[in-house]
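What follows is one structure encoded as structure tokens, with my remarks underneath.
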Amino acid sequence: MAESYSLSQKSVVNINRDQLISGLFLLCFYVVTAGLYPLTVPDEGRYPSIALAMLQRKDYINTMLNGGLFIDKPVLFYWLEALSMSVLGVNEWSIRLPVILTGIFAVLLTQRVTTIFYGRRTGWLAALILGTSLLYYASSHYAAMDLEVAVWVSASLFFALLGLQHPAKNKRRMLFYTAYFFAALAMLTKGLIGILFPAMILGLYSLLSGRWQLIKMIFLPSGLCIFFVLCAPWFILMQIKHPFFFHYFFVYQHFIRFTHSGFNNSLPFWFYLPVVFFGLFPWSFFIINAIKDSLKSYAKDQVAFYCGIWVLAIFIFFSIPDSKPVTYIMPVFPPLALLLAKETDKWLNKKALCIVSCVLSVIILLAGLAILLCTLLKWLLPSSLQQSFYLAMVAVILIIGAITTLTFSLKKCRTAIFTTVTTALILILILAANIAGQFNQNSSRSLALLVKNKITPETQIINYRRYYYDLPLYLQNTQPIKVVYDWRNEKKILHSDNWKHELYLGMQYTPEAKKNLILPAELRSVLKKPSYLFTHIGYVDELLNNYPLSLISTSGNIALLSNHNMIP
């Protein structure tokens with residue numbers, strides 16, 4: 001592949017046409033499942049409810065959780081969520097739409113970059129690999145920040161790659177300015193990784209390729225001006241309003257959390273190996289070859305070398321800290337899709353592809369039969385008929401897909417093999433969206449909708465020894481929720497990494513939020529007003545025996561109680 005590229009008018013037209021087809025397909029494929037299952041807590045409740053509070057308070061600078069200041073993350077995600085909810089209302093569709101659209105954008109950008117450097121067929125493969133990857137699809141339907149920051153970081157790195165390879169200085173300048181723009185969006189979404197990752201990967205690429213002169217090509221002074229003009233104002237405003245902000249956000253949230261243990265998701269160094277493998281399944285069987293070839297090709301294929309460094313650098317970076325949330329690793333998926341598409345394109349021309357697909361077909365066939373058998377016998381599975389039905393459908397698709405792929409493999413129909421696998425994946429992912437709701441035992445949706453229209457200005461909403469993040473969204477209630485817990489044990493609370501820590505810190509930063517945090521001894525006094533109380537089903541007997549409450553209903557692990565007769 002040449003060190004530089006230029007596109008003819010015909011090539012641009014072809015790429016734009018491919019992008020339009022991909023975009024329309026992805027829009028239908030991704031959006032159709034967005035509202036099929038309730039919000040998944042904590043993240044899909046916590047972050048969108050902060051955005052809803054912005055709309056209700058008409059305050060688009062401060063980020064508030066249940067009446068208390070929440071400054072763990074920057075503001076862009078909340079702005080996008082607030083915009084979506086203001087236009088489409090507060091529902092699962094509007095809450096997930098910003099993440100879905102950014103996910104689609106990354107697939108289209110990956111396709112475009114791959115097409116520019118390796119041709120249209122490889123570009124199509126990259127789009128299909130990324131768009132049908134299990135973890136990428138799931139992350140694109142999960143209203144949290146990890147997918148969005150991964151997309152902005154990937155966009156920054158892809159535009160930097162295009163800039164490095166473009167021969168025309170003026171065009172290169174615009175490509176790099178676009179890279180700085182997306183780095184600023186990443187900074188406004190998740191913090192310092194927005195600028196750290198592009199700087200780290202460009203630096204490693206320059207060092208390992210022996211091309212230090214590239215530093216002169218990235219328009220650093222003017223680019224940094226664009227970066228700071230876009231992202232600095234919000235950070236400065238927050239520091240002016242809250243003098244502790246810089247220390248908490250940059251020192252505690254970035255450096256202490258990265259270097260210390262004791263946070264959630266404490267996992268071993270190798271954790272992301274199976275995450276990436278199964279997250280990209282079945283395309284992941286070519287990962288080792290794809291990365292190995294990319295690192296070997298630094299002299300003849302700078303694009304693959306750049307993407308290989310990108311994958312390894314971010315993979316190692318996130319493997320170092322003790323805390324390893326699954327979706328943190330998402331920034332490696334777009335470059336991996338490019339490398340896997342390049343590798344898959346080679347395998348489509350090899351007879352050995354049929355042998356590999358035969359082996360994989362047999363493995364998937366056995367897996368499908370095992371799932372079907374377990375479902376029919378209800379081994380290790382919930383007894384719900386609906387859950388069993390959806391799992392049986394997944395098993396049937398795996399079995400039919402495996403048999404069809406095996407048949408095409410024996411007949412050496414390589415294109416048909418790829419088409420069958422892609423079709424089966426799409427069907428399974430759509431079914432998975434239905435299954436997700438069946439296994440969500442911590443959603444307050446059904447109970448919240450039961451009382452939503454019965455709440456008056458005098459009605460209190462209480463959470464007992466739990467905080468249900470999705471309640472403000474389903475209730476669309478402007479009043480903060482009263483949360484009952486033993487808030488006196490400050491040391492224990494501050495050493496936790498959960499809802500108790502978040503609400504307690506919010507109280508410290510926002511003294512007026514203290515009235516929302518109730519001690520158990522105060523509950524009887526609080527219940528003098530009409531109240532709906534949400535708690536874990538394990539606390540129902542305790543509450544019924546000690547307080548003037550009646551059980552209204554249960555859903556999953558959540559119980560709804562009340563001290564009045566507003567519900568017939």
Could I get the full list of side chain to side chain contact (heavy atoms under 4.5 Å, CB included) partners for Thr178, not counting sequence neighbours?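 Thr178: side chain to side chain contact (heavy atoms under 4.5 Å, CB included) contacts with Phe159, Phe182.
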Taking every non-hydrogen atom, the tightest pair across Phe77 and Glu148: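 It is CD1-OE1, 3.4 Å.
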For residues Phe315 and Val332, report the shortest heavy-atom separation together with the two atoms involved.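 Minimum heavy-atom separation between Phe315 and Val332: N-CG1, 4.1 Å.
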Verify the distance criterion only: is there a donor paired with an acceptor across the side chains of [X] and [Y] at less than 3.5 Å?
| X | Y | value |
| --- | --- | --- |
| Gln56 | Thr478 | no |
| Arg466 | Asn557 | no |
| Ser555 | Ser446 | yes |
| Tyr306 | Ser294 | no |

Is [X] salt-bridged to [Y], going by a charged N under 4.0 Å from an acidic O?
| X | Y | value |
| --- | --- | --- |
| Lys342 | Asp293 | no |
| Asp345 | Arg121 | yes |
| Lys190 | Asp146 | yes |

Quick one: list whatever passes side-chain hydrogen bond (donor to acceptor under 3.5 Å, both in side chains) with Ser140, sequence neighbours left out.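 Result, side-chain hydrogen bond (donor to acceptor under 3.5 Å, both in side chains) vs Ser140: none returned.
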Pair [X] + [Y]: ring centers closer than 6.0 Å:
| X | Y | answer |
| --- | --- | --- |
| Phe317 | Phe197 | yes |
| Tyr469 | Tyr47 | no |
| Trp283 | Phe277 | no |

Between [X] (side chain) and [Y] (backbone), is there a donor-acceptor pair under 3.5 Å?
| X | Y | answer |
| --- | --- | --- |
| Asn453 | Leu450 | no |
| Lys452 | Leu475 | no |
| Ser94 | Gly89 | yes |

Nearest-0.5 Å distance that lies between atom CG in Asn14 and atom CZ in Arg120: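 Rounded to the nearest 0.5 Å, the CG-CZ separation comes out at 4.0 Å.
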Tyr137: which of Phe333, Phe29, Tyr142 passes ring-ring contact (aromatic ring centres under 6.0 Å, His included):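 Among Phe333, Phe29, Tyr142, the one meeting ring-ring contact (aromatic ring centres under 6.0 Å, His included) with Tyr137 is Phe29.
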Can the positive tip of Arg96 be found less than 6.0 Å from the middle of the six-membered ring of Tyr37, inside 45° of the ring normal?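 Geometry flag: set, cation within 6.0 Å and 45°.
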For Leu366, is the CG atom crowded, meaning more than 12 foreign heavy atoms sit under 6.0 Å from it?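 Enclosed.
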